[in-house]
Number of protein chains: 2
Amino acid sequence: MKAKPQIVKAGPRSQAIDPLLQGAITPAGTPSPEAVQKAGAACVRRLPAYLQLLRVLQGEGHEHVSGTVLASTHNLEPVIVRKDLAVTGISGTPRLGFRVTELIAAIEAFLGWNNQTKAVLVGVGNLGTALLGYRGFENLGLRIAGAFDSDPKLIGTWVQGRHVQSMPKLPPFARRLGITLGVLTVPVAAAQEAADLMVRAGILGIWNFTPVKLQIPDGVVVQKEDLAEGLAVLSHRLRHSRS
Amino acid sequence: MKAKPQIVKAGPRSQAIDPLLQGAITPAGTPSPEAVQKAGAACVRRLPAYLQLLRVLQGEGHEHVSGTVLASTHNLEPVIVRKDLAVTGISGTPRLGFRVTELIAAIEAFLGWNNQTKAVLVGVGNLGTALLGYRGFENLGLRIAGAFDSDPKLIGTWVQGRHVQSMPKLPPFARRLGITLGVLTVPVAAAQEAADLMVRAGILGIWNFTPVKLQIPDGVVVQKEDLAEGLAVLSHRLRHSRS
DNA sequence: TATATATCGATATATAGTTCTCGATAGATG
DNA sequence: CATCTATCGAGAACTATATATCGATATATA
């Protein structure tokens, strides 16, 4: 799905990484070096759903779960589930399925959710506040360790139990704690500037909740999260599903 | 991910689109009933991004925009943009591109965002509050007309300028206003029950922000919006993009 | 007015993703 | 102990999506 940006005009160094070299690379990884490379985005997106259900089952004391069950709970085909789980390197046993605890550990390891990653959040508005207060992140290996905003009226206050700091404090804060992940929830007009600051702070991954296409250097990963996308799909299905 | 074998090639129905959008430019047969059927999810998800940029360009006074420009702004290939825009029935002119206002109208019409759809929101927690306060929805043809919660401490209060009502008031409210869209932002434990209530209220589309797989009768569309998905993709890319 | 070219739209190829098919297995069943 | 069967895992077949290629065209430029 993703591909190399081959268009690139006047770029000094266009080629960054050659995907063909992957064989030589050793991710020093926990899960499964090769499977990791093969995992497509579609598969990765489904893993959290499995994880969520697995945790419920674990809480209920189940030792095993079959791909069939995982599938039917999420309206998927069992084959898809088995294929998805294959990327974690775990294999199940016929008639029993997969070991729940083993699967949980494997998925968490695959996504890097086994040990918590710290993040900073920039933009303590409506959405930022909501994310700060969201309890579910601890299950996703995420811990928002610092909140930042440029509004003088917000700076110094406490939001969802977090101290809101001024923007200039972001780089030293991130560097001191070794934080490499940033959540961007500022208004459109401030998005690029805030992203630049994040980059300067050593952030390597930006979870971008603004509809802005950020200009960022190679090596920094941006994940866009746009509510409009989901709403568009819903609207479209509503209009055209019934016929 | 696709529907069922409900292919329906030449259904005489599935029109009823035109009357609304004839006010806009709309040359002959705008959204093109057949193209609509062919629009894949991937395409639909990109339309809002185009729309956003188009509105900016419109504000800057541009009359035309080329697929090339739309593409480069979003790091896409121009071919993809042209293909996506084809589903709206609009065609551009060589060397100039597409007419901005025409495209905006066509995309809005295609998604049903031309006239505002009213929705109810159930679950005035962190996320629900944030969504109630989100200004961007008016650009997406959405208007949250009522907010509901089961918490007695919330009922009767005003959140983001909206009156929070008790759950039993949902069905009469929705039916009175003819609301067919519901936003579900309750805690996991309350999700299914709230969804049942929505269905009983005549809701046809549920925008589900909980990680729960809802049991819903046929005819009701559920769009799941799971933050964990995006975070999973980001985590995965962070771990494996650099090597 | 003639030419150059950016852009469109259509068709073809490549890649990613899903579904189908089937033999193999290990626990359940009698 | 022999048989049954739900499930796994691997590969083939199919579908969706993305990328490449190319002729057609209308505007800008000479």
Side-chain angles (χ1 to χ4, degrees), chain A residues 1-9 19-20 22 32 34-35 37-47 50 62-100 102-103 106 229 233 236, chain B residues 1-5 7 32 34-35 37-47 49-50 62-100 102-103 106 229 233 236-237:
Chain A
M1 183 179 281
K2 287 304 171 189
K4 50 275 179 107
Q6 223 171 7
I7 68 181
V8 191
K9 59 183 81 166
L20 296 176
Q22 64 190 13
S32 162
E34 322 219 333
Q37 302 287 348
K38 289 196 303 183
C43 159
V44 172
R45 300 190 86 91
R46 282 186 296 258
L47 292 179
Y50 304 145
H62 292 76
E63 285 233 350
H64 292 87
V65 61
S66 69
T68 314
V69 169
L70 281 173
S72 68
T73 321
H74 290 289
N75 278 21
L76 297 169
E77 296 298 320
V79 201
I80 292 201
V81 176
R82 292 202 298 268
K83 277 212 151 90
D84 287 347
L85 298 185
V87 306
T88 67
I90 299 297
S91 55
T93 60
R95 263 197 100 91
L96 270 189
F98 302 83
R99 296 201 41 196
V100 173
E102 193 181 20
L103 251 193
E229 288 185 12
V233 175
H236 181 251
Chain B
M1 182 189 264
K2 258 300 67 132
K4 279 299 176 62
I7 359 171
S32 156
E34 321 226 327
Q37 303 285 349
K38 287 196 299 184
C43 159
V44 172
R45 299 191 87 91
R46 283 187 295 261
L47 292 179
Y50 303 145
H62 292 76
E63 284 233 349
H64 292 87
V65 61
S66 69
T68 315
V69 168
L70 282 172
S72 68
T73 321
H74 289 288
N75 278 20
L76 297 169
E77 297 297 321
V79 201
I80 293 198
V81 175
R82 292 202 299 268
K83 272 212 155 100
D84 287 348
L85 297 185
V87 306
T88 66
I90 298 297
S91 56
T93 60
R95 264 195 101 92
L96 271 188
F98 302 84
R99 297 200 41 194
V100 173
E102 193 181 21
L103 251 193
E229 287 186 12
V233 174
H236 181 250
R237 287 206 289 158

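So you know, we letter chains A, B, ... as the sequences are listed, proteins then strands, and number each from 1.
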message = Please convert DNA chain D into dot-bracket. A pair counts if it is Watson-Crick or G-U wobble with both distances under 3.5 Å; crossing pairs go in [ ] and bases paired with another strand get |.
response = ||||||||||||||||||||||||||||||
ask   = Between A:His64 (NE2) and C:dG27 (P), how many Å, whole number?
value = 8 Å
message = Exactly one of A:Val65, A:Thr68, A:Val69, A:Leu70 should register a side-chain contact (heavy atoms from CB on, under 4.5 Å) with A:Val81. Which one does?
response = A:Leu70
task = Enumerate the residue pairs fulfilling side-chain hydrogen bond (donor to acceptor under 3.5 Å, both in side chains) with a member in residues 71-87 of chain A, sequence neighbours excluded, ordered by first and then second residue.
result = A:Arg46-A:Asp84, A:Tyr50-A:Asp84
ask   = Can you list, by residue number, the residues of residues 75-85 of chain A that have a non-hydrogen atom closer than 4.0 angstrom to DNA chain D?
value = A:Arg82, A:Lys83
inquiry  = Nearest 0.5 Å, please: how far is CD in A:Glu102 from CD in A:Glu63?
reply    = 11.0 Å
remark   = note: A:Arg99, atom CZ; C:dG27, atom C1'; distance rounded to Å ~ 16 Å
remark   = For B:Arg45, the salt bridge (Lys or Arg N to Asp or Glu O under 4.0 Å) test, sequence neighbours excluded, returns A:Glu229
request  = To the nearest 0.5 Å, tell me how far B:Phe98 CZ sits from B:Leu85 CG.
outcome  = 5.0 Å
Atom pairs under 3.5 Å: protein N/O with N/O of nucleotides 27-30 of chain D:
residue : atom : partner : partner atom : Å
D:dT27  : O2   : B:Arg95 : NE           : 3.2

query = How would you label the contact of B:Arg45 with the nucleic acid (heavy atoms, under 4.0 Å): base, sugar-phosphate, or nothing?
reply = nothing
message = Let's see if you can work this out: which of C:dG17, D:dC8, C:dT7 has an atom nearest to the side-chain heavy atoms of B:Ser66?
response = C:dT7
ask   = Rounded to the nearest Å, what distance is computed from the CD1 atom of residue A:Ile90 to the P atom of nucleotide D:dG9?
value = 10 Å
